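Taking it in order: structure first as C-alpha cells, then the write-up.
Remember, it's 1-based here, ligands and their atoms both numbered in the order they're listed. Because the structure is predicted, anything quoted here is derived from the model rather than measured.
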Amino acid sequence: MISGPLFVFLLLCGTDFGHAGRVLVMPGEFSHWHNMRTIIDALVDRNHSVTVLTSSSSPSVPHTKKEKFTFNVFKVNTEKEQAKAMWDSFINVWMINTAPKYEKVFMFWRVMTDFMAVASDICYGMFHNPDLLRTLRESHYDVLLSDPMMPCTDLMAQTLNIPHVLSLRFTFAYGFERMCGQLPTTPSYVPAAGVTDHLTDNMNFMERLENMLLYIIHTAIFTLNTRINFDALYTEINGKPTTMCEMMGKADIWLIRTYWDFEYPRPLVPNFKFVGGLHCKPAKPLEKDLEEFVQSSGDHGIVVFSLGSMIDTLTMDRANMIASAFAQIPQKVVWRHSGKTPETLSPNTKLYDWIPQNDLLGHPKTKAFFSHGGTNGLYEAVYHGVPMVGLPLFADQPDNLNHMKSKGAAVVLDVNTMTSKDLVDALNTVIYNTTYKESMMKLSRIHHDQPMKPLDQAVFWIEFVMRNKGAKHLRVQAHELTWYQYHLLDVMAFLLTICTLSVFIFIKTCCFLYRKCIRRTVPDHRAKNKNKKE
Ligand SMILES: *[C@@H]1O[C@H](CO)[C@@H](O)[C@H](O)[C@H]1NC(C)=O
Ligand SMILES: *[C@@H]1O[C@H](CO)[C@@H](O)[C@H](O)[C@H]1NC(C)=O
C-alpha cells in the first residue's frame, strides 16, 4: 500500500516532467548569453541536467567558471582575441551611422560575411571532431536549446536526433523567421524588423513603399548570402545537398524574446512563442554605498545610464558631452562606465564598472533610464515601468527604441548629432512630462498581466518538447511547399488557363454560330430576291 503523503508526492511527480531531463544548450554571445543563462538557471532549478556546448574562442561565455551545470568546450582554430576582434569589427560596421543608406546595404552583406568566418570555424570545430560527437551522442540528450547566433545548431539537433528549441530576438527583416520558420509577414503593416528606425505598423504610401523595398533588398541579400556561404557549408558537413533554411525550419519551437508590450500586432504560426522579458525579476535591495548615493538624490530621484555589455568605452568627446549634460540636471546619475573619467564629470554623477541594473531600475527613486536600447535593458525598463531616453548605437537598437517612442514611452536621440542641450531636454521631458511615465506604466501592466510568466512559459515549452519528443503538431505545412505552391501560383495558373480557355471557346463558338447564321440568312435573301424577280 502507498501511504497518503507518498501517493500525493507521486501524483505531483506524475503531473510534472516525471524524471529530470537532459538539456544541451548552444548559446549566443554577449547579451544573448545573459538571456540564455536565465533559462539555464531555471532548468537547473527544475532538476534538469544542463550541458552548455561552446567553442574555445567564445568571447563572452565564461566557460572556465564553476557552475551548477557543465560546460563542454570544443577546440576551434580561432583564438579568443581574434574572435573578440571579429565581433568588434562586426559592431563597428553598424556603428558607422553617418554612412549613406545604400552603403548600409553593403554593410549588411559584410556583417553576414564576417559572421560567416566565425561560423564556419565553429561548425568545423564541432563536426570534424569525432570525439566530441561521440560524447554528445552517448549523453542521450532530450532536447537542444540554441541561439541561431551560434551556427550549425540545427545540424547538431539532426545529428543527435533530438528535438530543437530556438531562442532568438529576431533577424533582420525577419529573414530566418520568414524564410526558414514560415512566419507570415505582410509588408503593408509589418515593418521590416531591425533595419528601420522610423517605420511602425501605421504606414503611409511612401513608408509602405520603403518597407516593401527593405523587404525585397534584405530578402535578396539574405537569400544570396545563405545560398553562397551557408548552404555550401551545410552541404559539406551534412554530406548531401542541404540548405540552412531547411535545417532551421525543422526546429520544434521558436522562443522569441519579445511580447505584445513591445511588438506591433501581427499574424503568427503556432510554434512561435513570445517570452520577452523572461530575465526580469523584482528588484533586490542595493548595496549600502549605492543605496546611500541613491537616497541622497532626495525628491529629484536618479537617472540610470548604461550602454550595455558590448560597449566598453565612449570617445572622450562624447563622454565629456554626456557628463556636462548630467551636470545640468537636479537628479543624481548612476553611470556604468569603464573608460577614463570624463573631465566634465560633476558631483551628482557616479561612475561604476558594473551596476545592478535590474535592482536600480526597480528602485522607487529611479526616474529615467538612459540606454542604448538593447532588448534586455529595454525589458527591464518595461518590467519596472521606467521611461527611457534612447541613444541607439547599432543592430536592432534604433528599431527597438523606435517601438518605445511610437508607444510614447521614450525620447530617442541621435548619437552623431546629439548635443548636451538635447540630452538635458530629453531627460527633462521624460522625467517631468507625465505622459511618458504613464505610457511606460501601461506597457508594464500589459507585460505583467499574462497567464504565465515569460520564463515559466519558456521552461514549459522546453519541457513540452522533452515530454512529447518534439512539437511537430505545431509546425505548419508551409514548410513542405515550394514557393510557387505557397503563393498558389500553380493554382492561379490553372484557374487562369481555365478562364482563358473558356473565353477562347466561348468566342470561337460565337464566331461559329454567327457565321452559320449569316450563311443561312444570306442564301435566304438571295432566294427572296430571286422570288421577287420572278
Ligand atoms: C528537485 O530535487 C529536489 C531534491 O531532490 C526536490 O526537493 C525538488 O522538489 C525538485 N524540484 C522539482 C521542481 O522537481
Ligand atoms: C508631453 O508630451 C506629449 C507627447 O510628446 C505632448 O503631446 C504634450 O504636449 C507634452 N506635455 C507638456 C506639458 O509638455
Side-chain angles (χ1 to χ4, degrees), residues 2-23 25 37-51 67-70 141-143 145 165 197-202 261 264 275 278 281 300-301 303 328-331 367-371 373 378 381-382 385-392 398 400-414 418 421-444 452-468:
I2 301 171
S3 68
L6 182 60
F7 181 70
V8 171
F9 175 75
L10 286 178
L11 205 64
L12 282 177
C13 285
T15 60
D16 230 289
F17 180 49
H19 65 94
R22 302 178 62 78
V23 185
V25 179
R37 174 71 209 249
T38 311
I39 305 180
I40 294 172
D41 286 340
L43 290 171
V44 169
D45 283 347
R46 291 181 57 79
N47 295 341
H48 300 301
S49 107
V50 178
T51 306
E67 297 283 4
K68 282 193 280 182
F69 48 89
T70 38
Y141 293 107
D142 297 303
V143 64
L145 171 65
V165 177
D197 57 3
H198 63 281
L199 298 178
T200 66
D201 57 346
N202 184 1
D261 43 16
Y264 306 119
V275 293
L278 58 83
K281 44 182 184 288
H300 290 300
V303 171
Q328 297 168 49
I329 58 171
Q331 282 74 26
K367 300 289 181 208
F369 181 36
F370 180 27
S371 156
L378 187 148
V382 169
V386 179
M388 296 173 74
V389 172
L391 188 66
N400 283 350
L401 286 164
N402 185 44
H403 278 245
M404 289 294 116
K405 184 175 152 190
S406 71
K407 287 167 194 276
V411 171
V412 181
L413 298 169
D414 180 341
M418 176 179 74
K421 182 170 181 310
D422 294 334
L423 178 52
V424 175
D425 290 347
L427 287 168
N428 282 334
T429 304
V430 299
I431 295 171
Y432 295 111
N433 182 337
T434 51
T435 59
Y436 290 87
K437 175 78 181 172
E438 281 159 16
S439 304
M440 199 48 133
M441 286 311 293
K442 190 171 157 206
L443 297 183
S444 194
M452 212 170 170
K453 288 203 184 79
L455 181 58
D456 293 343
Q457 199 175 152
V459 170
F460 171 84
W461 284 108
I462 293 166
E463 291 185 345
F464 181 94
V465 299
M466 287 201 271
R467 277 193 299 266
N468 296 290

Determine whether any protein heavy atom is located less than 4.0 Å from atom 5 (O) of ligand 2.
yes
Within-cutoff protein neighbour (heavy atom, under 4.0 Å) for atom 2 (O) of ligand 2:
yes
Quick one: which ligand 1 atoms are inside 4.0 Å of a heavy atom on Asn47?
1 (C), 2 (O), 3 (C), 8 (C), 10 (C), 11 (N), 12 (C), 14 (O)
Return yes when at least one protein heavy atom is under 4.0 Å from atom 8 (C) of ligand 2, and no when none is.
yes
Ligand 2 to Asn433, heavy atom cutoff 4.0 Å, flagged ligand atoms 1 (C), 2 (O), 3 (C), 8 (C), 10 (C), 11 (N), 12 (C), 14 (O)
Applying side chain to side chain contact (heavy atoms under 4.5 Å, CB included) to Thr51 and Tyr141, what does each step give before you reach the verdict?
CA-CA 9 Å; Thr51 306; Tyr141 293 107; 3.1 Å; yes
For Gly390, is there any backbone N or O sitting under 3.5 Å from a side-chain donor or acceptor partner on Ser371?
no
Spell out, as yes or no, whether a donor-acceptor pair under 3.5 Å connects the side chain of Asn402 to the backbone of Leu199.
yes
Determine yes or no for a side-chain-to-main-chain donor-acceptor pair under 3.5 angstrom, with Gln331 supplying the side chain and Gly301 the backbone.
no
CE on Met440 to OG1 on Thr435, rounded to 0.5 Å:
12.5 Å
The atoms of ligand 2 lying under 4.0 Å from a heavy atom of Thr435, numbered in the order shown, are 1 (C), 2 (O), 3 (C)
